[in-house]
Amino acid sequence: MAQYEVVVAGHLCLDILPGLARGVSFTPGRSVAAGPATLATGGAVANTGVALHRLGVPALLVGRVGDDLFGQAVRQIIGSRGPELTAGLVVAPGEQTSHTIVLSPPDADRMFIHHPGCNAAFTAADVTDEMLAQARLLHFGYPPTMARMSAEGGRELATLMRRAKLVGAGTSLDWTMIDPHGPAGLVDWREVLAAALPHVDLFMPNIEELLLALDRPTFERMAAAPGGLVEAVTAELLASVAGELIALGAGVVGLKIGHRGMYLRTAGAERLSRMARAAPADRLAWSDRELWAPCFAVEVAGTTGAGDATIAGFLMGLLRGFGPEDALIAANAVGACSVEAADAVSGVRSWPETAERIAAGWPRRGLEPGSPGWRWDAGRQLWRGPNDGGGM
């Protein structure tokens, strides 16, 4: 296998994106006009993995596809980004490739029609110790869509994360939205995270996805608020959620807040020292931090995979020796580039191109958060929270 720094494993599927215009609405019994459809790979493996590749971070992509036509399409699309990117894919004879119909109008959040396919059979054994031994970091995405990884209190997920740590790789975990009315709605996700997070160095979920899994009453109450859940999120809620996740064992918590940016909270230096080959270059600068960076201003073409691209930007920053402020800014910049295209990765640029755009004065969106104890850093264009130790 080619040399790589990151193993990106987990959910992989074929995305089918109809071309939808602004203002479209869906009414039972009526037809909706659409432009040409885009076929793209989806899921954390393709989205984060290919985004890392485009940013100049070599990655090994590990996911399951069937030997059907959709599986052929997935391998062909990923291979067109770089032939070496298909080396870690597992082709499962007789199984169906996962696919998602993505309804993503430019002026509205996305909706999904999803078939899990052979993702449901993915286990920790699909990522070998040989793969992990070379990597600086394992990134795993979307356990709520992968039945075997969440079964028995998340035993397979915890096993994979623990194995990665034993061979000296750092670990990173992403989340996704559960279907509360399906099998995932019956899983005790707090139990799953309690088992996994002691072995997870970086946990970077979307706040909506996390609240739905861990605190459904709060999710439903906030979702019913004017403007929806994202607008109702407060700095106090983010601090409480992140504090709980760090108490469960995570080293670095990044909470994605849609168009409102990203919140970062980190543990102390002793916990960060256990990040093995992915440990920050300057652990003191990363320890006991609390930051919130607003999004960059862009024209949105589609939001599919934006969170995965955001994570790719953050991981790139960490692995390239950035401080937490610069890693957070990089995350938001790569995520912003992603939404300028209908699919997840076509809008992602090389890091030098992205850095040049930032340096040229790329404007941010409206300022946040306006809560007690938060202070605006005009030089870095981000907020520092009351729990921010400033690297001291």
Side-chain angles (χ1 to χ4, degrees), residues 1-17 37-54 57-102 112-135 137-151 156-157 159-161 163-164 167 169 173-174 176 304-305 308 312 343-346:
M1 293 181 182
Q3 297 295 305
Y4 52 87
E5 290 184 68
V6 184
V7 171
V8 183
H11 185 274
L12 176 62
C13 69
L14 181 69
D15 280 351
I16 305 165
L17 300 93
T38 298
L39 290 183
T41 47
V45 171
N47 295 347
T48 302
V50 173
L52 283 167
H53 175 75
R54 292 173 74 93
V57 179
L60 177 70
L61 279 57
V62 184
R64 292 178 71 93
V65 295
D67 57 356
D68 52 5
L69 290 175
F70 279 4
Q72 293 176 31
V74 168
R75 298 198 305 276
Q76 180 179 342
I77 294 168
I78 291 177
S80 70
R81 305 286 188 181
E84 72 278 14
L85 293 175
T86 62
L89 299 184
V90 178
V91 180
E95 296 187 26
Q96 288 190 330
T97 301
S98 176
H99 63 273
T100 305
I101 300 172
V102 183
F112 304 101
I113 302 172
H114 177 67
H115 172 55
C118 56
N119 284 319
F122 190 102
T123 70
D126 285 313
V127 185
T128 68
D129 286 346
E130 180 185 6
M131 295 172 178
L132 296 170
Q134 178 177 313
L137 181 75
L138 165 69
H139 176 69
F140 190 88
Y142 300 8
T145 65
M146 309 181 76
R148 292 284 297 278
M149 298 302 289
S150 60
E156 288 287 319
L157 180 62
T159 295
L160 176 58
M161 293 295 168
R163 280 179 42 223
V167 298
L173 181 65
D174 188 18
T176 193
T304 301
D308 297 310
D343 70 321
V345 296
S346 293

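Quick caveat: nothing in here was measured; it's all calculated off a predicted structure.
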Salt bridge (Lys or Arg N to Asp or Glu O under 4.0 Å) pairs touching residues 70-82, sequence neighbours excluded, are Arg81-Asp343
Under the side chain to side chain contact (heavy atoms under 4.5 Å, CB included) test, which residues partner Gln76, sequence neighbours left out?
none
Are any non-hydrogen side-chain atoms of Phe112 and Ile101 less than 4.5 angstrom apart?
no
I'd like to check Arg163 versus Val167 (side-chain heavy atoms, cut-off strictly below 4.5 Å). Are they in contact?
no
Going by the side chain to side chain donor-acceptor pair (under 3.5 Å) test, which pairs reach into residues 42-54, not counting sequence neighbours?
Asn47-Asp308
Side chain to side chain contact (heavy atoms under 4.5 Å, CB included) between Met131 and Tyr4, intermediate numbers included:
CA-CA 9 Å; Met131 295 172 178; Tyr4 52 87; 3.8 Å; yes
State, yes or no, whether a side-chain contact exists between His99 and Val74 at a heavy-atom distance under 4.5 Å.
no
Is the number of heavy atoms from other residues, nucleotides or ligands under 6.0 Å of Gln72 CD greater than 12?
yes
For a 4.5 angstrom cut-off between non-hydrogen side-chain atoms, does Leu61 reach Leu12?
no
Going by the rule side chain to side chain contact (heavy atoms under 4.5 Å, CB included), which residues pair with Thr176 if we only count those two or more places apart in sequence or in a different chain?
Tyr142, Pro144, Thr145, Glu209
Nearest 0.5 angstrom please: Leu69 CG to Gln96 CD, how far?
11.0 Å
Holding to ring-ring contact (aromatic ring centres under 6.0 Å, His included), I want the full list of residues that pass it with His139, two or more places apart in sequence or in another chain.
none
Which atom names give the shortest non-hydrogen contact between Ile78 and Ala46, and what distance separates them?
CD1-CB, 4.4 Å
Shortest non-hydrogen separation from Ala135 to Val7 and the atoms involved:
CB-CG2, 3.8 Å
Which heavy-atom pair separates Pro143 from Asp174 by the least distance, and what is that distance?
CD-O, 3.3 Å
What's the separation between atom CD1 in Ile16 and atom OG1 in Thr38, rounded to the nearest 0.5 Å?
11.0 Å
Passes side chain to side chain contact (heavy atoms under 4.5 Å, CB included), Val127 versus Phe122? Steps please.
CA-CA 9 Å; Val127 185; Phe122 190 102; 3.9 Å; yes
Taking every non-hydrogen atom, the tightest pair across Gly43 and Cys13
N-SG, 4.1 Å
To check you understand the geometry: which heavy-atom pair defines the closest contact between Gly66 and Cys118, and what is its length?
N-SG, 3.7 Å
Rounded distance [0.5 Å steps], CE in Met146 versus CZ in Phe140
4.5 Å
Under the side chain to side chain contact (heavy atoms under 4.5 Å, CB included) test, residues paired with Val90 that sit two or more places apart:
Arg64, Asp126
Measure the CD-CG distance between Gln3 and Leu60 for me, rounded to the nearest 0.5 Å.
11.0 Å
Of all heavy-atom pairs between Glu156 and Ala124, which one has the smallest distance, and what is that distance?
OE1-N, 2.9 Å
To the nearest 0.5 angstrom, please state how far the CG atom of Leu14 sits from the OG1 atom of Thr97.
8.0 Å
Any side-chain to backbone donor/acceptor pair from Thr100 onto Val102? Under 3.5 Å, distance only.
no
From OG (Ser98) to NE2 (His114), nearest 0.5 Å:
3.5 Å
